[in-house]
Every structure is written in C-alpha cells, then in structure tokens.
Undergrad: 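My structure is below; once you've seen it, I'll send some questions.
One-based numbering along the sequence shown. All values reported here derive from a predicted model rather than from experimental measurement. Order of appearance sets the numbers: ligands from 1, and atoms from 1 within every ligand. Values below: all heavy atoms of this structure, side chains included; hydrogens, waters and symmetry mates excluded.
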Amino acid sequence: MSFAPKTKMDLLLDKRLTLSWTLAIQILLATITSIIIYRRHLHPLSSIPGPPFASISRLWHIYHILKGDQNLQLVSLHNKYGHFVRLAHNEVSVSHPDAVKKILGSQLKKGPWYRMTAIPDYRFQSPMATTDPKKKMEKSKAFASGYALTNVLRSEPQLDNVISLLLGHLDGFARTGKEVGLDKYFTFTSFDVAGEILFSSQFGFLETGTDVGNAIANGYWLSMYASAMAFFYHIHVALLGNPFITWLNILPYGHLFDTTIKAMKARLQDKRDESRFDSVEYWFRAMEKHPEKIKWRDVQAVTVSTVGAASETVSCALQSFVYYMIRTAGAWERARKEVIELQEKEGGREERVVSWGQAKRLVYLQACLKEGLRMFAPVPMNLPRVVGPEGLEIGGRRFEKGSILSVNSWVMHFSDEIWGEDAGEFKPERWLREDAGELDRWFMPWGYGYNSCPGQNIARLELSKIAATLVRDYDISQVNPEQEWKWQAFFTVVQHSWPCYIKARKTTTNESGCKVPLH
Ligand code: HEM
C-alpha cells in the first residue's frame, strides 16, 4: 500500500466530493423541510387537528401500531379534538355519526393499505386485497356461497366435534383444578373450526393441545409486521411478499399455509368424493362453472385469507364474552338460566354442544355477545376509504378527491354521543331496549358496507354455540379477579394473560368416588 502525498488533483477531487456531499445534504434537508411545511400548513387536510407529528408523516400512527395501543390513542384523540382527527399526513379518522354510512356504506375505493392482505404474496389477490369496489364486489359474489349460513350449517355436526375437543380440555382443567389460559384454547378452537368449515380438515391445535409449528405464536409478530408494513407495501413486496419468498417457504405462518394448501390440493386430486360440502367445495364448483372468472389461485387466495380472518377475531370475541360476563354481577347466571329454561321446554340438555337452532334464540345471550363485540371489537385498525372525484361532505366539512377517510370501530363504539355516558361500560341490556335497532347503525365490529365481513354469520354460529355451552356447563372465575387482561392492537387485537379457574357444572362420581365432569 502506498502512502504517497496527495497531488493537487487529488485535493481538488476531495474538495469537490466534500462539496457535492454538502450540497446533497442541503438539498435533502430543503426537500424534507418543504415537505413538512407543505403537509403541515398547505395540504388540503392541514386544517384538521391531530398530533403534530401525525400531520407530517405516517410514523406517528406506525409507532402506536407497534406499541399496540392505536385504538385507545384514537379514542382519546377523538375525545380531545372531536369528529375529525388527522391520523397521518394523508388520512383523517372520522367519528361523526354519519361516518359509518357515508364512508363505509358508500362505494368508495378502499385505501391502499388493503393490498397487504394478499397472502402469501402479491399474486394472491383475494377480495380483501382488491381495492377497486366493483372488482372486489364481483370477486366476493363468486365466493359468497362458501360463507352462506344455510350452506355452512351442513357442517354443524363437525363443528360440534371441534367444540367437544375444546370442552374436553376444559374438563381436564376442571378435574385438576389447574389454571387455564382461555386465550390459548379459544385460539386453538377458532383455527380448527376454520379448517373444518373451510376444507374439512383441522390444523391439529386442539387434538395435540399445542401450538403446532408455533404458528399462532408467530402470528403475533406477523400481525404486527403486516399492520405496520401495509403502509409501505412496495417495501413489503421487495422483502417478503414476493413469489421467491413463497417458493422458499420460510415465512413464519408455514404450518397454517401448508396445511391449508395441502388440504386443498388433496381435494383437487383424488379425495374430493369423500369430502362433504364445505366452503372449498362450493368454491371449486364455482371455479369449474366460471373458469374464466375464478382460477385456482383465486380459490387459494380466498381460502388462505379466510383462515387468517376467521381465527383470532373469533378468539377475541369469545374471550371478550367470558371476560365481561364473569366481571359483571349476575350476567353469567342470567345467561345460564335462559339456556336451561329453553332446554327444559324443548330438550337438548344432554347434547354436548348447544345447537344453533336454540343458541340463536337466546335473546339475553345474544345481547351479551353483541355487547362483548362492542366493548372489544376484534379489528382495531381504522378502515380506510379514498374519496372519489366528486368529493365528500360529512359533518359540514368537505373532503376533496384522493383524501383518505377512515372509520375505527373502537372510536365509534366508545362514542358518548352515540351510546350515552355509559359507552365504556358492558351493559348487554342496551341491546334489549326498544331503540336497539337504531344502535345497529353504529355497531360495526364486522366493518360495514360492501367490504363488511363475509364470515359474520359463521362467526355468530360459532360464538353462539360455544358461549351457550360454556354458560350452561361451566363456572369460570379469574385467578385474580382484580387483574385486567393484557392485549396488543395490531391487525387484530388478541387478549392474553388473564388466567382462569374453571369448574364443570355437570359432574358424576367416578370409580374412585371422586366427582368428575360428566362428559
Ligand atoms: C368475531 C369474529 C369476526 C369479526 C369481528 C370480523 C370482522 C371483520 C372485519 C372488521 C373485516 C374487515 C372489514 C373491512 O375491511 O372493511 C373482516 C373481513 C373479513 N372477514 Fe371477518 N370477522 C370475524 C370472523 C370471521 C369469520 C369466522 C370468517 C370466515 C369464516 C371471516 C371472514 C372474513 C373475510 C374473508 C374477510 C375479508 C373480506 C373481504 O374483503 O372480502 N371473518 N372481518
């Protein structure tokens, strides 16, 4: 290596290099400053109040997504600023009572955020990932039969089998008196139910009593990643959401994806005759009937996205039901009395799982489930729509083409203006009042409008049967009744860390003379 002194030419080059670096940094700083000034003071949304940092970038929102408290932040910001909060430089969160109808109930294009829901990569364009309303509705229509309640009810006996596996675990905890993490068992159940209803095959969580392949634990990180990276879609595609990564099969939801695709492939090949009429069967038939419209990849995309959409959401709703019911004096007993009275009249007490035919008619229980969904909506993210060329007026404000307006179920569900001063309290009775029908206009755990949850009837079926069976056959109490649960609000919000004790109500005496659960 030579250390020869620098020539004049070298020094000149060094100087030029230093100058060009300085210039580059100055240009960069000037650009950033201009962007900040534009977004803060000149942007069409600049008059909307909100956290100062949110008005200049998406990073304020991302920070709270990663922290897991985006929903509560939004609730308190709306309490402070009113109907409109600037959530990011290009997005306004709206809580005006007309928001649900005017924003979600219209046919505005979905925000670019939804593209992220193409799983495992951008080729898998499910209806959820499709942002154009017409295309999205056309796709959804093609798949609607797989979610129709009358069709899904053909699988009720299989659903009962999965629920019985859950009850078997609960009986085990009742027998030993050990504490149980209901979050874990409810999530196992919702995944296995999804597999059973969609493609007649469970993931094996309940059968093994374990998180097979760590799929659910990994889902936590995936949900965090997805909810933040959705705003940097192109980086996501470059990093993970591309065919190469799919081919490498290294994504952490491997077990869920593999089981789903394996079950579907097996069905396509030779096992189709043995299968019952589950959702995938409807979709295969639609594919055969309209090969020009529905391709094999579309069916894969819909099935994979449905597994994701159908699982943690249901677990969250079930946990919410149990948590609020056991913390509300007299609620569990009242719901139990309702099931027992109905079954004394009609029979069904000996059935391991309460039937849908009965569960759907339990008025108080249904009100409790609904109130649980209001208090703890499983999807805590703002649902964004893009204002079209004609602009949009809401609450006396006009928004121009291209503005992103979004509605958050937590914000709507905690609005005193809509629900009254007791908005923050679990009160199932509000759904039994005469004006309850009115309240439905702002009840949006399923979203609202053309993009609302297509699986809501399946969810109600599952939730009603499990909830009715739990209140009838078990007593549940928190290990520490004072302790609040923990949760993080990413793509979905899933609670954890609220251990419970469980007692089985129907007992019998075993050979050793001990009382054990009857089933
Ligand atoms: C308590 C349980 C559930 C809740 C609270 C819930 C809620 C939601 C919400 C809020 C959305 C998004 C709406 C939007 O972006 O505007 C959604 C989408 C979706 N949900 Fe559910 N869901 C639940 C259970 C289910 C179940 C059991 C299934 C299927 C069996 C399902 C299938 C889907 C699908 C496929 C989508 C994407 C819809 C699309 O864009 O086409 N969900 N759900």
Undergrad: Hey, is ligand 1 close enough to Gln456 that some N/O pair sits below 3.5 Å?
TA: no
Undergrad: Counting each atom of ligand 1 from 1 as listed, which ones have a heavy atom of Gly447 under 4.0 Å away?
TA: 10 (C)
Undergrad: Where on Tyr114 is there a heavy atom closer than 4.0 Å to ligand 1, on the side chain, on the backbone, on both, or on neither?
TA: side chain
Undergrad: Just need the protein heavy atom nearest to atom 10 (C) of ligand 1, so name the residue and atom and give the distance.
TA: Pro445 O, 3.3 Å
Undergrad: Relative to atom 26 (C) of ligand 1, which among Cys316, Gly308, Pro380, Ala310 owns the nearest non-hydrogen atom?
TA: Ala310
Undergrad: Which of the numbered atoms in ligand 1 are below 4.0 angstrom from a heavy atom of Thr306?
TA: 29 (C), 30 (C), 35 (C)
Undergrad: For atom 17 (C) of ligand 1, find the nearest protein heavy atom and state the residue, atom name and distance (0.1 Å precision).
TA: Cys453 CB, 3.6 Å
Undergrad: Compare every heavy atom of Glu417 with every heavy atom of Pro97, then report the nearest pair and how far apart it is.
TA: CG-OE2, 3.6 Å
Undergrad: Should the proximity of Val379 to ligand 1, defined as any heavy atom under 4.0 Å, be assigned to the side chain, the backbone, both, or neither?
TA: side chain
Undergrad: Side chains of Glu91 and His61 only: does a donor on one sit below 3.5 Å from an acceptor on the other?
TA: no
Undergrad: Checking His78 against Ser95: is there a side-chain donor and acceptor pair closer than 3.5 Å?
TA: yes
Undergrad: Quick one: nearest non-hydrogen protein atom to atom 39 (C) of ligand 1, plus distance?
TA: Lys136 NZ, 3.1 Å
Undergrad: Indicate whether the side chain of Arg327 and that of Gln478 have a donor and an acceptor atom separated by less than 3.5 Å.
TA: yes
Undergrad: Between Thr246 and Asp121, which heavy-atom pair has the shortest distance, and what is it?
TA: OG1-OD2, 2.5 Å
Undergrad: In terms of residue, atom name and distance, what is the protein heavy atom nearest to atom 37 (C) of ligand 1?
TA: Met128 SD, 3.4 Å
Undergrad: At what distance is the nearest protein heavy atom to atom 32 (C) of ligand 1, and which residue and atom is it?
TA: Ala309 CB, 3.7 Å
Undergrad: For atom 24 (C) of ligand 1, what's the nearest protein heavy atom and its distance?
TA: Thr313 OG1, 3.4 Å
Undergrad: Within the structure, does Ser305 bring an N/O atom to less than 3.5 angstrom of an N/O atom in ligand 1?
TA: no
Undergrad: Is it the case that Arg397 places NZ or CZ above or below the six-membered ring of Phe84, under 6.0 angstrom from the centre and within 45 degrees of the axis?
TA: yes
Undergrad: If every non-hydrogen atom of Ser305 is compared with every non-hydrogen atom of Ser126, which pair is closest and at what distance?
TA: OG-CB, 3.8 Å
Undergrad: Going from CZ on Phe491 to CE on Met224, what distance comes out if it is rounded to the nearest 0.5 angstrom?
TA: 14.5 Å
Undergrad: Among Tyr147, Trp113, Phe376, Trp446, which one has a heavy atom closest to atom 6 (C) of ligand 1?
TA: Trp446
Undergrad: With atoms numbered from 1 as shown, which atoms in ligand 1 lie under 4.0 angstrom from a non-hydrogen atom of Ala317?
TA: 1 (C)
Undergrad: Measuring from Asp160:CG to Glu351:CD, what's the distance to the nearest 0.5 Å?
TA: 8.0 Å
Undergrad: Can you name the closest pair of heavy atoms from Ala317 and Leu373 and give their distance?
TA: CB-CD2, 3.7 Å
Undergrad: Under 3.5 Å, is there a donor on one side chain and an acceptor on the other for Ser106 and Tyr450?
TA: no
Undergrad: Heavy-atom distances under 4.0 Å decide this one: backbone, side chain, both or neither, for Leu383 against ligand 1?
TA: side chain
Undergrad: Return the residue, atom name and 0.1 Å-rounded distance of the protein heavy atom closest to atom 38 (C) of ligand 1.
TA: Pro454 CD, 3.4 Å
Undergrad: What's the shortest heavy-atom distance between Asp211 and Ile216, and which atoms?
TA: OD1-N, 2.9 Å
Undergrad: Give the residue, atom name and distance (to 0.1 Å) of the protein heavy atom nearest atom 13 (C) of ligand 1.
TA: Asn451 O, 3.3 Å
Undergrad: If we only consider heavy atoms of Arg385, is any one of them less than 4.0 Å away from an atom in ligand 1?
TA: yes
